[in-house]
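Before any comments, here is the structure.
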Amino acid sequence: MIKTPETYQGKQVIITSDRLVFNAREDSIFSSNSTIAFATNKDFHINTSDGASGKFAVNSPKIHLGKVKQDSKLADNPAVKGQELEQLLNDILDHLNTLYTVVLPALHQITTIPSLPTVPSPANIGLVSPLITELGVLKGKINQIKSKNVYIK
């Protein structure tokens, strides 16, 4: 468990100042054999200034976003992959559009005895069966929209 900066943790360097600036001409590396923790009572900013080509990259097997307190668990709600979700939703909407514009108007109703309620014709199975199969395929894609790396609250 990480202790607050005010808590003594063995060998350490403490610098107290109104402002600290570390300015490297090339790049900077912060490395630890365990944990690196940043703490602030206000905002925390990470800025890039290389115009459109500036990037903020986080290279980690898992990323948990959200306020984490000492005794609470990490964020566990998988983030959604936007492009995959967009494609899946478009596929579902296209499929429903086909159902309403092509299949339903083509369905035939039959009656075995005049004046009794009509029932769906067995011929409808050929129209509906492929759509039902495709809906199963689309439903199987739903688990692909959840990120395996990024979790949010």
Side-chain angles (χ1 to χ4, degrees), residues 1-107 120 122-153:
M1 174 175 21
I2 300 170
K3 296 181 181 175
T4 62
E6 298 83 23
T7 305
Y8 176 74
Q9 274 182 282
K11 300 175 185 174
Q12 59 185 348
V13 174
I14 299 172
I15 301 171
T16 303
S17 176
D18 289 338
R19 183 172 188 184
L20 297 174
V21 176
F22 298 95
N23 190 18
R25 288 190 185 93
E26 294 293 324
D27 59 9
S28 299
I29 297 173
F30 295 92
S31 178
S32 171
N33 198 30
S34 182
T35 303
I36 294 178
F38 293 95
T40 178
N41 288 328
K42 289 193 178 184
D43 301 333
F44 183 79
H45 297 258
I46 297 174
N47 301 313
T48 63
S49 61
D50 196 13
S53 62
K55 293 176 183 62
F56 173 68
V58 177
N59 192 2
S60 176
K62 284 201 176 179
I63 301 162
H64 296 265
L65 302 174
K67 192 171 184 176
V68 179
K69 296 181 180 169
Q70 292 290 66
D71 296 330
S72 67
K73 64 181 183 172
L74 293 173
D76 59 359
N77 189 15
V80 173
K81 297 187 280 182
Q83 293 170 342
E84 287 80 353
L85 177 60
E86 181 179 15
Q87 183 62 54
L88 179 61
L89 292 175
N90 280 320
D91 289 348
I92 290 169
L93 292 175
D94 290 345
H95 206 69
L96 288 172
N97 185 53
T98 301
L99 177 66
Y100 286 118
T101 60
V102 177
V103 176
L104 290 180
L107 291 179
N124 294 340
I125 292 296
L127 294 170
V128 175
S129 200
L131 292 174
I132 292 171
T133 300
E134 183 62 23
L135 282 175
V137 170
L138 292 174
K139 191 168 186 172
K141 291 180 179 179
I142 289 175
N143 68 347
Q144 297 173 3
I145 65 174
K146 296 188 299 186
S147 174
K148 293 173 179 38
N149 303 86
V150 179
Y151 295 85
I152 59 176
K153 284 203 182 233

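What's counted below: heavy atoms across the whole structure, side chains too, no hydrogens, waters or symmetry copies. Not measured: the values here are computed from a predicted model. Throughout, numbering of the chain's residues begins at 1 and tracks the sequence.
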| remark: ring pair (Phe, Tyr, Trp, His ring centres under 6.0 Å) pairs touching residues 13-53, sequence neighbours excluded, are Phe38-Phe44
Run the side-chain donor-acceptor check on residues 133-146: report pairs under 3.5 Å with partners two or more places apart or on a different chain.
unit_1: Thr133; atom_1: OG1; unit_2: Ser129; atom_2: O; d: 3.1

| field | Which residues share a side chain to side chain contact (heavy atoms under 4.5 Å, CB included) with Ile132, sequence neighbours left out | value | Val128
| request: Return each pair, listed once, that meets side-chain hydrogen bond (donor to acceptor under 3.5 Å, both in side chains) where at least one residue sits in residues 89-102; pairs must be two or more places apart or across chains. | output: Gln87-Asp91
| query | Which pairs, with at least one residue in residues 10-20 and sequence neighbours excluded, count as a salt bridge (charged side-chain N to carboxylate O under 4.0 Å, His left out)? | reply | none
| remark: Interatomic distance, CD1@Ile63 vs CG@Leu74, rounded to 0.5 Å, equals 12.5 Å
Side-chain donor-acceptor pairs under 3.5 Å in residues 53-62, sequence neighbours left out?
unit_1: Ser53; atom_1: OG; unit_2: Asp50; atom_2: O; d: 3.0
unit_1: Ser53; atom_1: OG; unit_2: Asp50; atom_2: OD2; d: 3.1
unit_1: Lys55; atom_1: NZ; unit_2: Ser53; atom_2: O; d: 3.3
unit_1: Ser60; atom_1: OG; unit_2: Lys62; atom_2: O; d: 2.8

| message | Has Ser147 got a side-chain atom pairing as donor or acceptor with Val150's backbone, closer than 3.5 angstrom? | response | yes
